[in-house]
Every structure is written in C-alpha cells, then in structure tokens.
Amino acid sequence: MTRSSRAVRALVTALAALLTATAAAAPARATPEPKAPRDFVALHSVDPTILHDIRYVTPHNFVGERIDGYRQPLCILTRPAAEALRTAQRRLLPQGYSLKVYDCYRPQRAVDHFVRWAEDLDDQTMKAEFYPNVDKTRLFADGYIAEKSGHSRGSTVDLTLVKLPAHPTRPYRPGETLTPCFAPQDERFPDNSVDMGTGYDCFDTLSHTLDPRVTGVQRAHRMLLKDTLEDLGFVNLAEEWWHYTFKPEAYPDTYFDFPVSRGSLAGHR
C-alpha cells in the first residue's frame, strides 16, 4: 500500500468515525402527535350552548386520575354527530333543558389506560362510588371494560340533560368520602343534571336505559333524552343510559389515537 493510499484510507476512517459520533450525539426526533381528520370538530364550535363536564380530564372518574390522552376539557366529534347534537339542543331548549356532555371522542391510549387499570385488581380507589356491587375481576366479562371503544371512532357521546337555568357544581376533591352512584340523587356526588336514577359511569344494572326498577321522573328523563336523540339518528347502548352513537358512523372501522386537545384540530375550519 502506498503512502498516499494509506493517507486516503485514514481520512475515510476518520470521517466515518466523526459521522458516527455526530449521529449518536444528535437528539432523537420526537414522533409527531397524530392529528384529527378534517371532518372532526370541537362541539363548542358547532353549538356553544351545550354544556360540558368532561370527566376524564379530572380525577373524578372510576380510575381516580386524569386519563391518558385527555389534555383539555374538550368534546371532539365528527361533524355530522356534532350537528345532530345541535339540532337536539334546539329542540330541548324551548322545553327548559340543555344537553351536557361527559365524554365524546376518546383516544385509544385512554382505552388502554382503562384496560391497565382494570387488570390492576389492587386498585380499588373509586369502587365505593362507581362499582360498589361489582367485583373488579368481572369488569371485562360483564362488559364494563373492553380493549376497543366506539368512542374512539368519533361519533359516540356520553351525555345527560340539565334543567335550566343550570346551577354550578362544586369540583371533586380527591380523597373525599364516596357515595354509591345509585344512591338517591341528593346523596350522590352533586351534579347539576336531572335525576337519571344513577350517576354517570355507574357500573351497575340500574344504568340499563330501560331497567324496570327505574320509574317515575327518572324514567321520564331517560326517555326524553332517548326519544330526542333517536329521532335524529342516534342509537343508544342499552346498558348505559348516557351512551349514544350517531349513525351512520363516518369511521365505523377506525380507532383513532390523537389527543383530546385543540392542537389535534389545528388548522381545521
């Protein structure tokens, strides 16, 4: 090997080492967050009169902490579902009621959070309120927790009715004494919604929309919500009086994972 060829080889080796060191020192690029398709909207941009009580951005839920993927107290839905809720609101307001949403689009990472919580049998923090009569080992078998949720498709909403004028409700204080979600309304955690017979996300058969034990004014409230929404294309989940899906779904087979935040809708009109 000649002196010149040895020099060239040494230079190539040095350059290769330098490139390797530079690549190792460069910070890893963060994977950009997924964005919502353009036909997803914030409900308040379609109808600002519909009330919001987004529970999963707070610790007042069956897990007992903010749920993964919930960055802001926002209701995101496909536009047809949001516009149908606007029509429902216009029908209810003259009757003295407003809709109030608890949950709308739900990212897959939030569903994964629910699954991890359900598999942790030692975590019983919120049992006394949300599932007092259900053994946690039964949550999957009884259908309260699943690995996929229709909410992640963007056309499903959890909601209730509020008698107007709406009164403010106090925030939940972590560690406070819990009351069963099916206790009489004046004993349950305060909620400015009408009496539906149980609180939201109550893991109990009393939450079944047409449970025969729910009668009188409680049943009348459930039926007002059900009749109003079903007339506009929503379908109720029979096991949950609060759960409705707008049909036909824009994304019947897609489970999205963009965060619940205004940033997920950036650039949308």
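Bear in mind that the values here come from a model prediction, so they are computed numbers and not experimental data. What's counted below: heavy atoms across the whole structure, side chains too, no hydrogens, waters or symmetry copies.
- To the nearest 0.5 Å, atom CH2 of residue Trp117 and atom CZ of residue Phe62 are 5.5 Å apart.
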Test side chain to side chain donor-acceptor pair (under 3.5 Å) applied to Tyr70 and Asp103, step by step: CA-CA 10 Å; Tyr70 284 81; Asp103 190 37; 2.8 Å; yes

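- A single hydrophobic cluster is seen to contain both Leu225 and Tyr102, as judged by linkage of ILVMFWY side chains at heavy-atom distances under 4.5 Å, directly or through other members.
- Leu85 approaches Leu159 most closely through the heavy-atom pair CD2-CD1, 3.9 Å.
- Side-chain contact between Tyr144 and Arg138 is absent, with no heavy-atom pair separated by less than 4.5 Å.
- In the hydrophobic clustering of ILVMFWY residues, with side-chain heavy atoms under 4.5 Å counting as a link, Leu74 and Leu51 come out apart.
- Each of Glu65, Arg66, His60 was compared with Val63 under the side chain to side chain contact (heavy atoms under 4.5 Å, CB included) criterion, and only Glu65 meets it.
- Taking 4.0 Å as the cut-off between side-chain N and carboxylate O, Lys247 and Glu249 count as a salt-bridged pair.
- With Lys127 contributing its side chain and Val134 its backbone, the two residues share a donor-acceptor pair below 3.5 Å.
- Considering every non-hydrogen atom in both Ile50 and Ser98, the closest pair reads CA-OG, 4.3 Å.
- Between the side chain of Asn236 and the backbone N or O of Glu240 there is at least one donor-acceptor pair closer than 3.5 Å.
- With rounding to the nearest 0.5 Å, the separation of NZ in Lys226 from OG1 in Thr209 is 7.0 Å.
- Residue Glu129 holds its CD atom at 7.0 Å from OG1 of Thr179, rounded to the nearest 0.5 Å.
- Open room surrounds CD on Glu147; 12 or fewer heavy atoms of other groups in view lie less than 6.0 Å from it.
- Thr156 has its side chain out of reach of Arg106: every pair of non-hydrogen atoms, C-beta onward, lies at least 4.5 Å apart.
- Listed for the Lys148 side chain is no donor-acceptor partner under 3.5 Å among the backbone atoms of Gln108.
- A side-chain donor-acceptor contact under 3.5 Å links Thr228 to the backbone of Leu224.
- Remark: Ser149 OG to His243 NE2 distance equals 6.5 Å, nearest 0.5 Å.
- Checked by atom type and distance alone, the side chain of Glu176 pairs as donor or acceptor with a backbone atom of Arg173 at under 3.5 Å.
- At a threshold of 4.5 Å between non-hydrogen side-chain atoms, the residues Val115 and Phe140 count as touching.
- Both Ile145 and Trp242 are assigned to one and the same hydrophobic cluster, defined by single-linkage of ILVMFWY side chains at heavy-atom distances under 4.5 Å.
- Across every non-hydrogen atom of Leu121 and Ala118, the tightest pair is CD2-O, 3.7 Å.
- Counting only residues at least two apart or on different chains, the salt bridge (charged side-chain N to carboxylate O under 4.0 Å, His left out) pairs with a member in residues 188-212 are Arg55-Asp191, Lys100-Asp191, Arg188-Asp195, Asp211-Arg213.
- Summarising the geometry, atom CG belonging to Asn133 is positioned 13.5 Å from atom CZ belonging to Phe203; distances are rounded to the nearest 0.5 Å.
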CA sep, side-chain torsions, deciding dist, call: Leu161, Leu99, side-chain contact (heavy atoms from CB on, under 4.5 Å): CA-CA 5 Å; Leu161 296 172; Leu99 293 172; 3.9 Å; yes

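- Put simply, the side chain of Pro73 does not reach to within 4.5 Å of the side chain of His52, judged on heavy atoms.
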CA sep, side-chain torsions, deciding dist, call: Phe234, Val157, side-chain contact (heavy atoms from CB on, under 4.5 Å): CA-CA 10 Å; Phe234 286 91; Val157 58; 4.2 Å; yes

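- Looking only at distances, no side-chain donor or acceptor of Arg79 sits under 3.5 Å from a matching main-chain atom of Asp39.
- Residues Leu229 and Ala88 share a closest heavy-atom pair of CD2-CB, 3.9 Å.
- The backbone N or O of Val46 sits nowhere less than 3.5 Å from a side-chain atom of Glu83 that would complete a donor-acceptor pair.
- Side chains of His151 and Thr245 form no contact here, defined as non-hydrogen atoms less than 4.5 Å apart.
- To the nearest 0.5 Å, the span separating CG on Asp158 from OH on Tyr244 amounts to 11.0 Å.
- The two residues Gly263 and Lys35 make their nearest non-hydrogen contact at O-NZ, 2.8 Å.
- With salt bridges taken as basic N to acidic carboxylate O contacts below 4.0 Å, one links Arg109 and Asp257.
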Stepwise side chain to side chain donor-acceptor pair (under 3.5 Å) test for Ser207 and Glu239: CA-CA 6 Å; Ser207 294; Glu239 292 77 20; over 6 Å; no

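- Heavy atoms only, all atoms of each residue included: Ile76 and Pro259 are closest at CD1-O, 4.4 Å.
- Ile54 is connected to Phe256 through a chain of hydrophobic side-chain contacts under 4.5 Å among Ile, Leu, Val, Met, Phe, Trp and Tyr, so both are in one cluster.
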Test log, rule side-chain contact (heavy atoms from CB on, under 4.5 Å), inputs Tyr172 and Leu178: CA-CA 10 Å; Tyr172 166 76; Leu178 302 177; 4.0 Å; yes

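- If you look at Phe114 and Tyr56, their ring centroids are closer than 6.0 Å.
- Tracing side-chain contacts under 4.5 Å through hydrophobic residues (I, L, V, M, F, W, Y), one reaches Phe189 starting from Val57; they form part of the same cluster.
- For the pair His221/Tyr97, a side-chain contact is recorded, criterion being any heavy-atom separation below 4.5 Å from C-beta on.
- Between Tyr251 and Tyr105, the distance from one ring center to the other does not fall under 6.0 angstrom.
- Side-chain contact between Tyr200 and Asn61 is absent, with no heavy atoms from C-beta onward closer than 4.5 Å.
- Using a 4.5 Å cut-off on side-chain heavy atoms (C-beta onward), Arg116 and Asp68 make contact.
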